[in-house]
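Since the structure comes first, as C-alpha cells, the remarks are kept for the end.
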There are 2 protein chains.
Amino acid sequence: MRLSTKGRYGVTAMMDLAIHDNAGPVTLADISQCQGISLSYLEQLFAKLRKNNLVEGVRGPGGGYRLSRPADQINVAEIISAVDEKVDVTKCSNQGDCQNGERCLTHDLWTELSDRLYTFLSGITLAQFVNRPGIHELAIQRDKINGRFILARRQAEMLNQNRHQQSN
Amino acid sequence: MRLSTKGRYGVTAMMDLAIHDNAGPVTLADISQCQGISLSYLEQLFAKLRKNNLVEGVRGPGGGYRLSRPADQINVAEIISAVDEKVDVTKCSNQGDCQNGERCLTHDLWTELSDRLYTFLSGITLAQFVNRPGIHELAIQRDKINGRFILARRQAEMLNQNRHQQSN
DNA sequence: CAAATTCCTACTAATTTAGTCGGAAATACA
DNA sequence: TGTATTTCCGACTAAATTAGTAGGAATTTG
C-alpha cells in the first residue's frame, strides 16, 4: 500500500502555490528547481491539476500557476485524486464485480477502507496545512536559499506600479 | 494511492485459511483454483506470510497451510505489511530525510496518514471478518461449487480417529 | 517407492511510473 | 514588431515494480 510520487509531488507543489498565494503566480521552473522535479514532469502533473480545476495557468513572462480557489477550499483528497487518478483500494473500482462477476469476500473491507481513506484526506485542506506553526518560517528559509521570495500582495502591486511608471 | 494485488491476494487467502481453520490445512492448489491466482505466485506470497509467522506449512499429502495463531490474533495490517512490504506512504520510509537530507514540508502529513492507515487496518482481525453475517454461508456455497468442504472440527477429528484405527 | 505437497531460485512479461524531447501558443515588455 | 518567458501539448524512452512462469529439491504420507 503506497502513495506514488505523483500524489506526493502534487500535494507538495500545491502547498508551494498556497504558501506563495499572495505573491502572484508561481512558475513551474521555480518548483522544479526547488524540489528537484523535472520541469516536463511537473507540466504533466499540472495539466491534470488544471483539468480538475484546482489551479489555473497564466502564460507569458511573469506568468505561472495559481490556486483556482482559496486554499481553505482545496483538500488533499482532491489533489491526490486529480494527479494519481483515484483514492480507491478495491480491485473492481467499487463496481462489485471483483470475482467472476460477483463481489469477492473481501469487497466490503476494501470499500470501507477506501471510504475512510478518502474521508481522512478530504478533511485536510491546504490552508490547514500551510497555517501549521513553523511551516511559513521554514518556507521563507528555503526560499532564501533558493533565491525565491514570498512577497506580500501589497509589495507585489507596488513593484508592478513602479514598473509601469518606469515604462511610461 | 492503491493497494497492490499482493495485499489483496494475501488478505483474501488468509481469510480462506481462517474460514477453513477447523478443517485441517488448506492447500495452495485449492486457493489457486478457487480464486484464480497462479499456484507459483501464491507460493511466493505464502513464503512471506510464513517468514512473518502468520501461517505454517505442512508438507506432504494431506498437508497445506494453516494459521499460526487464532484468527482473532491476526489483523489485516500485519498481513498487508507481510506481503506488501509496508503500510507507509512517506517517501523516506519515515526516516525524515525526504528532501536533501531534511524533512520535506509534507513529511508530517504522510506520517500521520500512514499512522491512521495502520491503526485502521490493525483494528480489523481475521476473526471479525470471518464472523460477519453471511460470510460463512457464502463460503459454504462457494466451496460446494468448487468441490471443497468446510468440516466442523469434531467431524475432522472423527475422520482422523478412523484413519488411525484403520492404520493400526 | 510414488504421490502430494511445501519450499526455493531464477527467469520473463506486462504494466506503471518517471522522465525526456521538441515544439506550438500566448503574453509581457522593449 | 520581435524576443524572451511561460504555459500547453503529444509522442517517445527508461527504469522500476508487479505479476506470472518454470523447473526442480525437500519432506511427508501411505
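Chain letters run A, B, ... following the sequence lines, proteins first, then strands; residues in each count from 1. Owing to the predicted nature of the structure, the values given are computational and were not obtained by experimental measurement.
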Please give, in whole Å, the distance from [N] [atom2] to [X] [atom1]?
| X | N | atom1 | atom2 | value |
| --- | --- | --- | --- | --- |
| A/L45 | C/dG19 | CG | P | 10 Å |
| B/I37 | D/dT18 | CD1 | P | 16 Å |
| A/K48 | D/dG10 | NZ | C1' | 14 Å |
| A/K6 | D/dA15 | NZ | P | 19 Å |
| A/L39 | C/dC21 | CG | P | 12 Å |
| A/L42 | C/dT20 | CG | P | 11 Å |
| A/R8 | C/dT17 | CZ | P | 12 Å |

Interface polar pairs with nucleotides 12-14 of chain D, N/O, under 3.5 angstrom:
none

My understanding is that only residues two or more places apart in sequence, or in another chain, count here; which of them pass salt bridge (Lys or Arg N to Asp or Glu O under 4.0 Å) with A/R59?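 Partners of A/R59 by the salt bridge (Lys or Arg N to Asp or Glu O under 4.0 Å) criterion come out as none, since no residue qualifies.
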
With sequence neighbours excluded, residues passing side-chain contact (heavy atoms from CB on, under 4.5 Å) with [X]:
| X | result |
| --- | --- |
| B/A18 | B/L67, B/A71, B/L126, B/V130 |
| B/A47 | none |
| B/D72 | B/P70, B/A127 |
| B/L45 | B/K6, B/Y9, B/V83 |

Minimum-distance nucleotide to A/Y41 side chain [options: D/dA19, D/dT21, C/dT20]: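 Looking only at heavy atoms from C-beta outward on A/Y41, the closest nucleotide is C/dT20.
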
So which nucleotide from C/dT27, D/dT29, C/dG19 ends up closest to the side chain of A/S38? C/dG19

Separation between OH of B/Y65 and CG of B/L42, rounded to the nearest 0.5 Å: 9.5 Å

Starting at the 5' end of nucleotides 7-14 of chain C, put B wherever the base has a protein heavy atom under 4.0 Å, S where only the sugar-phosphate does, and a dash everywhere else. BB-B----

Under 3.5 Å: donor-acceptor pair, side chain of B/N52, backbone of B/L54: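 No: the side chain of B/N52 does not pair with the backbone of B/L54.
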
Note, B/N75 side chain near B/L121 side chain (heavy atom, < 4.5 Å): no

Is there side-chain contact between B/T125 and B/I74, with at least one heavy-atom pair below 4.5 Å? no

Whether B/Y9 contacts D/dG20 is assessed here as follows: a side-chain N or O lying under 4.0 Å from the phosphate OP1 or OP2. Is that the case? yes

Under 4.0 Å, heavy atoms only, any strand: does A/L28 hit a base, just the sugar-phosphate, or nothing? sugar-phosphate

